[in-house]
Undergrad: 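Following this message is one structure expressed as structure tokens.
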Amino acid sequence: MIEVTPLKAFTDNYIWALVSKESVYVVDPGDPNPVLDFLSENNFILEGILITHHHYDHTGGIKTLADRYDVPVYGPVNDSIEGITHELRENDCISIFNQDFKIFEVPGHTLDHIAYYSDADQKLLFCGDTLFSGGCGRLFEGTPAQMHDSLQKLKSLSPETLVYCTHEYTENNLNFAVVVNNENEYLKNYYSEVKIKRKNDEITLPSSIQKELKINPFLRLTDENIISNASDFSSIDINKEVDTLTAIREWKDNF
Ligand SMILES: [Fe+2]
């Protein structure tokens with residue numbers, strides 16, 4: 001059994017710590033200090049680092065941690081990321097605490113973006129800035145079509161999969177989602193719950209695939225209510241799922 005603990009970093013990042021006994025893997029350590037504090041407070045040992053994409057708020061801690069701990073650093077194929085020791089591609093598999101994690105290439109937010117998925121008894125997804133609770137990453141490098149393909153991969157995972165994304169963006173995302181999908185009563189109720197949680201400074205993650213299918217407009221691209229609202233907003237003709245995604249991504253970027 002892997003215990004997954006959030007370590008807060010910067011203003012709204014989570015560095016996920018995967019813990020088993022005294023051993024720890026961390027996902028996307030943009031800042032080394034929360035990781036070093038967590039290790040020393042608990043007398044834990046760092047066993048490895050997992051990276052999802054090249055952005056500095058996900059990679060900035062690699063050097064400090066790898067200088068102190070001689071551990072594998074898994075990440076995408078991208079020479080611009082210093083310190084990756086194990087490059088990962090689509091369908092590669094790595095073992096963490098004897099649990100297999102499969103790699104998906106999920107371009108869109110960036111071109112190098114990968115996600116880590118375990119389909120063991122404990123179903124876990126570490127998806128960086130691709131799928132957020134209630135939203136998806138901005139398209140800094142990829143196209144809407146690439147993001148659509150990436151989200152399709154994640155959408156098809158087991159519904160009970162726990163979704164660990166890197167930012168606490170849920171409230172902001174749902175603030176948009178309730179406008180785009182204004183006839184979704186489940187979404188409205190969930191937004192109310194999230195607002196209370198955030199007021200109390202509580203974390204809204206992990207989410208689950210099941211939950212996201214109900215609340216996330218970027219996974220609900222055939223929803224008639226969303227298509228209708230997206231058509232009112234956008235000048236593009238909406239005929240396919242990727243058209244809906246293009247329209248609502250642009251809408252969210254300017255919301
Ligand atoms: Fe990013």
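Keep in mind the model is a prediction, meaning the values are calculated, not measured. Every number for a ligand or one of its atoms is a count from 1 in the order of the listing.
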Undergrad: Can you spot which of Leu125, Val163, Leu131 makes a side-chain contact (heavy atoms from CB on, under 4.5 Å) with Leu157?
TA: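 Answer to the side-chain contact (heavy atoms from CB on, under 4.5 Å) test with Leu157 among Leu125, Val163, Leu131: Leu125.
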
Undergrad: Do you see an N/O/S atom of Asp129, backbone or side chain, under 2.8 Å from the Fe ion (ligand 1)?
TA: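 It does: Asp129 brings an N, O or S atom closer than 2.8 Å to the Fe ion (ligand 1).
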
Undergrad: Restricting to N/O/S, name the atom of His109 that gets closest to the Fe ion (ligand 1).
TA: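 Nearest N/O/S atom of His109: NE2.
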
Undergrad: Residues two or more places apart in sequence or in another chain: which of them pass side-chain hydrogen bond (donor to acceptor under 3.5 Å, both in side chains) with Glu224?
TA: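 Expected list: none.
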
Undergrad: Check Glu168, Glu193, Lys197 against Thr204 for a side chain to side chain donor-acceptor pair (under 3.5 Å) and give me the one that passes.
TA: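 Filter result, single survivor: Glu168.
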
Undergrad: Is His55 close enough to the Fe ion (ligand 1) that one of its N, O or S atoms comes in under 2.8 Å?
TA: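 Looking at His55, which is the residue asked about, there is an N, O or S atom under 2.8 Å from the Fe ion (ligand 1).
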
Undergrad: Which residue pairs satisfy the salt bridge (charged side-chain N to carboxylate O under 4.0 Å, His left out) criterion with at least one member in residues 108-125, sequence neighbours excluded?
TA: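 Matches after skipping sequence neighbours: Asp119-Lys123.
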
